[in-house]
There are 2 protein chains.
Amino acid sequence: ALARRAAALMPSGGAILTLDTTLLTRVIQIDKVSMTARIEAGIYGPQLEEQLQAHGVTLAHYPQSFLYSTLGGWIAARGAGQQSNRYGKAEKWLVSAKLATPKGFWTTEATPASAAGPNLNQLVAGSEGTLGVIVEATVKIHDLPERKDYRGYLFKTFAQGIEAARRINHAEIPVAMVRLSDSPETYFFQALSSSGSGGLKSKLQRTYLKMKGFTDAPCLMLIGHEGTKETVIWAQEQTEAICRRLGALALGTGPGKRWFHGRFNGPAVRDPMMDRGLGVETLETSTRWSNIANLHEKVVEAISNAIAANVPEQNARGIVMAHVSHSYPDGASLYFTFVFPRQLDREVEQWQAIKRAASDTIEMNGGTITHHHGVGVDHAPWLGEEKGEIGMSILRATKREMDSKGVMNPGKVLG
Amino acid sequence: ALARRAAALMPSGGAILTLDTTLLTRVIQIDKVSMTARIEAGIYGPQLEEQLQAHGVTLAHYPQSFLYSTLGGWIAARGAGQQSNRYGKAEKWLVSAKLATPKGFWTTEATPASAAGPNLNQLVAGSEGTLGVIVEATVKIHDLPERKDYRGYLFKTFAQGIEAARRINHAEIPVAMVRLSDSPETYFFQALSSSGSGGLKSKLQRTYLKMKGFTDAPCLMLIGHEGTKETVIWAQEQTEAICRRLGALALGTGPGKRWFHGRFNGPAVRDPMMDRGLGVETLETSTRWSNIANLHEKVVEAISNAIAANVPEQNARGIVMAHVSHSYPDGASLYFTFVFPRQLDREVEQWQAIKRAASDTIEMNGGTITHHHGVGVDHAPWLGEEKGEIGMSILRATKREMDSKGVMNPGKVLG
């Protein structure tokens with residue numbers, strides 16, 4: 001969380017300075033005609049939405065870390081909110097940024113689209129504090145949605161769910177969120193759910209599903225629509241038709257409401273599990289549609305094998321599950337969650353072994369080392385492979401030009 | 001046209017080499033699941049579409065220069081096709097590029113979305129040959145649209161037309177093109193049109209328009225929808241409702257068909273006019289919605305004044321007209337066309353005076369110096385103001401890193 005809201009500075013003396021930006025909390029200007037807002041970048045998610053929503057507008061960037069992360073951090077780490085299909089990943093809603101750099105203040109270009117050379121906003125997004133501290137940003141905002149509609153669909157296979165997500169993207173149907181769990185995740189969250197209504201627990205329900213051709217390992221998809229009443233009604237009909245054509249069972253709004261209610265709770269589930277000797281970790285990537293099923297299979301296998309090779313006692317095993325949560329015309333993200341029995345005498349080595357196995361597999365199979373978590377320290381070893389030697393040399397040259405003394409978050413993404 | 005398909009190289013000896021890439025014409029791979037294609041970058045528009053459409057897919061990048069420009073040129077100059085609302089400007093449909101650079105071949109990252117540092121594709125788009133020669137690109141493609149629907153609407157004022165374009169964007173209605181002419185352009189193209197049907201020529205039509213509250217200077221909007229039958233039908237109803245609520249008169253599909261038929265003819269109209277002692281020139285910009293009306297007014301005034309100050313004989317005057325042709329959530333482009341009597345003894349100075357007046361006015365009033373024409377030589381004097389000193393220093397550092405001897409299109413956008 002700290003990395004998301006602050007920038008570490010290291011003066012030549014060698015001391016480490018951590019800069020807290022969280023007093024920069026003003027919404028400076030709202031332009032309701034252009035639907036943009038200029039906002040100081042140290043503001044936390046809830047403060048930002050409170051100020052915008054008082055004017056009837058929203059940025060609607062809701063990462064799971066929403067409560068504890070800032071506007072500047074979202075941009076610096078190229079974050080993604082849960083409704084990124086509608087509201088965009090940070091690099092998409094970013095219009096312009098103002099940075100405090102070793103060379104002075106720098107405000108990037110702010111036009112809607114331009115052919116005046118490369119777009120430098122895309123160099124700021126993902127710079128993770130290495131070029132300067134983001135102190136202000138102009139971002140795209142939206143009217144508060146007139147209507148929200150979140151529904152669940154049950155697919156017989158993960159592949160059919162992926163195909164539905166792909167068709168929804170290619171048909172250009174306005175959608176706020178498409179979230180598909182694989183069968184282990186569908187089972188896991190079903191088992192965790194305390195509410196029985198709308199669930200799949202009863203024997204009667206199981207019998208019904210069996211009749212309909214569902215196995216015991218179906219996959220849950222949640223589809224969210226937000227916007228004007230007219231658009232939401234039309235778009236919901238379109239997405240439901242696509243799901244039904246692929247054999248999905250429409251579960252109605254129950255599962256959607258339950259997910260929406262608990263959407264920031266993930267991290268809070270982790271700590272009690274860790275108290276019980278379990279390790280819980282997540283990692284994520286994205287790839288093109290034609291490679292999603294392959295990458296999912298390979299990474300699940302790599303994590304499972306790495307867990308099996310690093311357990312405290314023979315035959316102990318872990319759980320690996322995944323979901324697709326952000327989708328694009330050319331591909332989608334994959335988000336993996338895994339639970340494993342901790343080796344209490346070598347926890348760090350155990351984690352490193354699993355992380356390395358997953359990351360190597362992602363890189364070898366055409367995924368990005370991170371879709372929205374950022375590079376930081378954990379992903380740095382895999383960055384060079386992804387950007388290439390020439391790409392890395394450009395990033396390093398940019399860093400040298402902006403910060404010749406190397407005081408801005410040294411040694412990170414830009415070298 | 002040459003600048004769009006080739007890169008000029010200047011070895012240290014001082015000779016100028018022009019590289020012709022137009023034998024690089026292969027479509028290497030089509031991925032119909034991810035809807036991307038990998039294509040050699042020297043290919044001209046018509047060849048590219050012919051090869052893609054044989055497989056039922058399209059890039060649908062149709063700039064006015066479509067017949068004489070190449071894939072690599074579109075990317076290098078951040079071009080925009082006429083249906084950019086649906087198919088995207090070059091920097092949006094670009095997935096990955098392969099460049100021949102002084103450091104060797106460089107292939108940029110290709111994931112759908114990533115947080116693995118800055119996106120270097122956005123440094124390639126707009127580099128205008130200064131970092132290397134684009135030899136190959138992976139681009140987003142679409143199924144050939146099941147249906148196309150192009151219609152005309154007549155607005156009482158330019159401001160109401162702008163408001164319609166803005167609402168269409170903010171309502172997230174899938175649209176391929178929204179093109180709004182100001183009243184001089186509406187009048188000019190009406191006068192040029194040889195076809196009477198569906199026009200506004202007859203006395204009867206004028207009387208009808210007057211009754212409906214239209215003045216003699218209405219503004220024509222063309223709205224194009226492309227996609228699946230279902231989406232086009234729904235979206236067309238939505239855009240028509242927005243236009244009608246703003247007092248527009250629906251003209252049906254006639255004006256749309258006429259525009260579509262003549263969509264690449266603009267430049268061909270220019271030469272006969274020049275033979276008759278007239279000068280014809282275009283320039284373009286983009287800005288946020290809240291500034292469109294102001295920028296339109298200021299640039300029209302600046303061009304008109306510059307023409308008046310540079311005419312061959314007293315009281316000779318020019319025509320200045322404009323349209324909005326590419327729109328985004330936060331703003332839109334403005335494209336100006338002007339016709340003026342040429343000063344045959346000082347044509348270059350006359351053109352420079354008008355160009356300078358327009359460009360200064362654009363920069364002083366929050367527009368970009370170019371939305372899709374690129375920087376080249378003509379716009380270079382205004383680039384520094386737009387990118388800022390720090391932005392320019394990053395562009396120059398990138399250039400030095402990639403091309404230390406300065407052989408790739410020297411002296412252009414990246415210094």
Side-chain angles (χ1 to χ4, degrees), chain A residues 31 33-36 77-78 89 95 101 103 106-109 111-120 122-123 126-127 140 170-172 174 227-228 231 234 286-290 326 328-332 368-375 383 386-388 390-391 393-395 397-398 401 413, chain B residues 31 33-36 77-78 89 95 101 103 106-109 111-120 122-123 126-127 140 170-172 174 227-228 231 234 286-290 326 328-332 368-375 383 386-388 390-391 393-395 397-398 401 413:
Chain A
D31 177 348
V33 177
S34 310
M35 292 308 272
T36 59
R78 286 187 167 244
K89 205 160 169 287
V95 173
T101 82
K103 292 184 152 201
W106 173 34
T107 303
T108 57
E109 62 267 36
T111 40
S114 172
N119 186 338
L120 298 177
Q122 295 304 315
L123 209 57
S127 61
K140 290 174 193 159
H170 288 161
E172 293 176 286
T228 62
T231 302
W234 178 77
S286 82
T287 192
R288 58 193 185 279
W289 288 114
S290 56
H326 306 271
Y328 307 90
D330 50 336
T368 175
I369 193 61
T370 171
H371 167 268
H372 63 271
H373 281 175
V375 178
L383 188 65
E386 188 162 336
K387 295 291 183 192
I390 292 182
S393 77
I394 289 178
L395 294 178
T398 303
E401 176 66 26
V413 59
Chain B
D31 177 348
V33 177
S34 310
M35 292 308 273
T36 58
R78 287 189 167 242
K89 205 160 168 288
V95 173
T101 82
K103 292 183 152 203
W106 173 34
T107 302
T108 57
E109 62 268 35
T111 41
S114 172
N119 186 337
L120 298 177
Q122 295 304 314
L123 208 57
S127 61
K140 290 174 193 158
H170 288 161
E172 292 176 287
T228 62
T231 302
W234 178 77
S286 82
T287 192
R288 59 194 184 278
W289 288 113
S290 56
H326 306 271
Y328 307 90
D330 50 336
T368 175
I369 193 61
T370 170
H371 167 268
H372 63 271
H373 281 175
V375 178
L383 188 65
E386 188 162 337
K387 295 291 183 193
I390 292 182
S393 77
I394 290 178
L395 294 178
T398 304
E401 176 65 26
V413 60

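Scanning both residues, B:Gly126 and A:Pro118, for their nearest heavy atoms gives O-CD, 3.6 Å. Between B:Pro329 and A:Lys140 the shortest heavy-atom distance is CB-CD, 4.5 Å. Of all heavy-atom pairs between B:Lys387 and A:Glu109, the closest is NZ-OE2, 2.6 Å. Residues B:Ser286 and A:Pro112 come closest through the heavy atom pair OG-CD, 3.5 Å. Closest non-hydrogen pair, A:Lys89 versus B:Ala113, comes out as CD-CB, 4.0 Å.
A search for side-chain contact (heavy atoms from CB on, under 4.5 Å) contacts involving B:Glu401 returns A:Ser393, A:Ala397, A:Arg400, B:Lys103, not counting sequence neighbours. A:Thr108 pairs by the side-chain contact (heavy atoms from CB on, under 4.5 Å) definition with A:Ser96, A:Ala97, A:Trp106, A:Asn121, A:Val124, not counting sequence neighbours.
Among A:Asp330, A:Thr287, A:Asn119, the residue with the largest count of heavy-atom pairs under 4.5 Å with chain B is A:Asp330. By number of non-hydrogen pairs under 4.5 angstrom with chain A, the leading residue of B:Thr111, B:Thr101, B:Val95 is B:Thr111. Chain A forms the most heavy-atom pairs under 4.5 Å with one residue out of B:His326, B:Glu386, B:Glu172, and that residue is B:Glu172.
The closest donor-acceptor contact from the side chain of B:Ser34 to the backbone of A:Ser290 lies under 3.5 Å. One N or O on the side chain of B:Ser114 and one on the backbone of A:Thr370 form a donor-acceptor pair closer than 3.5 Å.
Only the side chain of B:Asp31 comes within less than 4.5 Å of a heavy atom of chain A; its backbone N, CA, C and O stay farther away. The parts of B:Ala116 that come within reach of chain A are both its backbone and its side chain, each placing non-hydrogen atoms under 4.5 angstrom from that chain. Within the 4.5 angstrom heavy-atom criterion, only side-chain atoms of B:Leu383, from C-beta onward, approach chain A.
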Q: Check step by step if side chain to side chain contact (heavy atoms under 4.5 Å, CB included) holds for A:Leu120 and B:Ile390.
A: CA-CA 10 Å; A:Leu120 298 177; B:Ile390 292 182; over 6 Å; no
Q: Before giving the answer on side chain to side chain contact (heavy atoms under 4.5 Å, CB included), spell out for B:Arg288 and A:Thr36 the whole-Å C-alpha distance, their side-chain angles and the decisive distance to 0.1 Å.
A: CA-CA 9 Å; B:Arg288 59 194 184 278; A:Thr36 59; 5.6 Å; no
